[in-house]
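Shown below is the structure under consideration.
Atoms within a ligand are numbered from 1 in the order they appear, just like the ligands themselves. Remember, it's a predicted structure, so these values are computed and weren't measured experimentally.
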Amino acid sequence: MHDWFGRRYLDLLGSIYIYNEYRGYTALDRVLEAVRARWPDDGVLIARIEQHRADERKHYLMFRRWFERRGQMPLSVDRTCGHIDRFVGIMFRSTIDDLEPQQIVGRDALFERLCRVISLTEKRGHKQVEILLRHPLVEGDARLMKIFRVIEQDEPSHWAPYDDWLHSHGCREPRWWERAIDSFIHGELLFLKLPILFLNPRLGRRTAWPDEREVARPIAHARALAST
Ligand SMILES: [Fe+2]
Ligand SMILES: [Fe+2]
């Protein structure tokens with residue numbers, strides 16, 4: 001029973017993380033595209049967001065390898081478990097996929113809001129990782145501990161570019177209600193969604209890796225070119 005509990009907990013934790021890491025770097029791809037279009041000469045900002053994107057992709061791959069070693073696919077959790085999905089949904093009243101980054105980045109007030117959402121999400125992520133590094137179930141898994149230690153190191157450089165942009169543009173600090181929304185989303189995930197998923201026997205596993213389509217696309221494209 002204890003073994004089942006522990007395995008299920010880590011399974012679910014890894015599944016929520018791999019979803020969020022994938023969501024993170026793919027959403028940053030779209031932000032980057034818009035930032036490059038608006039501030040093509042701001043090489044520093046572009047390079048910092050590129051580094052952030054590269055780190056999230058690296059985190060995604062670490063979790064993918066962790067699942068591969070376990071010989072299991074991640075549980076199929078969706079955007080209801082995505083912190084950034086919920087945060088963007090509340091702050092912009094839109095899903096990430098429906099959001100037009102060009103429009104957000106094109107208006108200072110909206111980009112300011114986006115910077116705050118990303119910064120608060122990253123700070124939340126850092127706090128959560130520190131808690132997990134002291135969690136007895138996580139401590140029992142050496143590979144997972146290694147992953148969380150890497151994330152703990154990377155996270156401060158993730159919120160810095162957005163905080164620096166806010167400071168250099170004379171923007172205000174996050175208000176209490178923005179912090180409250182962030183805490184609410186985290187609490188909802190931890191105390192409502194996680195227990196429901198934990199106990200849901202019908203929660204299936206993914207049949208493909210989230211980034212498999214990305215790999216398939218260039219190959220299909222190359223084939224199409226070769227046949228012309
Ligand atoms: Fe990450
Ligand atoms: Fe991060």
- Task: Test ring-ring contact (aromatic ring centres under 6.0 Å, His included) on Phe198 and Trp4 and set out the steps.
- Result: CA-CA 11 Å; Phe198 190 90; Trp4 178 87; 5.6 Å; yes
- Hey, are Glu130 and Arg134 close enough for a salt bridge, meaning a charged N less than 4.0 Å from a carboxylate O? no
- Item | Neighbouring protein N, O or S atoms of the Fe ion (ligand 1) [cut-off: under 2.8 Å, no waters] | Glu21 OE1, Glu56 OE1, His59 ND1
- Glu50 with Arg36: basic N within carboxylate O range, under 4.0 Å: yes
- Query: Who else is in Leu190's hydrophobic cluster (ILVMFWY, side-chain heavy atoms under 4.5 Å, direct or via others)?
  - Reply: Phe191
- Query: Parallel, tilted or perpendicular: which fits the ring planes of Phe5 and Tyr9, with parallel below 30° and perpendicular above 60°?
  - Reply: parallel
- Task: Decide whether a cation-pi geometry holds between Arg113 and Phe92; the criteria are a distance under 6.0 Å from NZ or CZ to the six-membered ring centre and an angle within 45° of the ring axis.
- Result: yes
- Item | N, O or S atom within Glu122 nearest to the Fe ion (ligand 2), by name | OE1
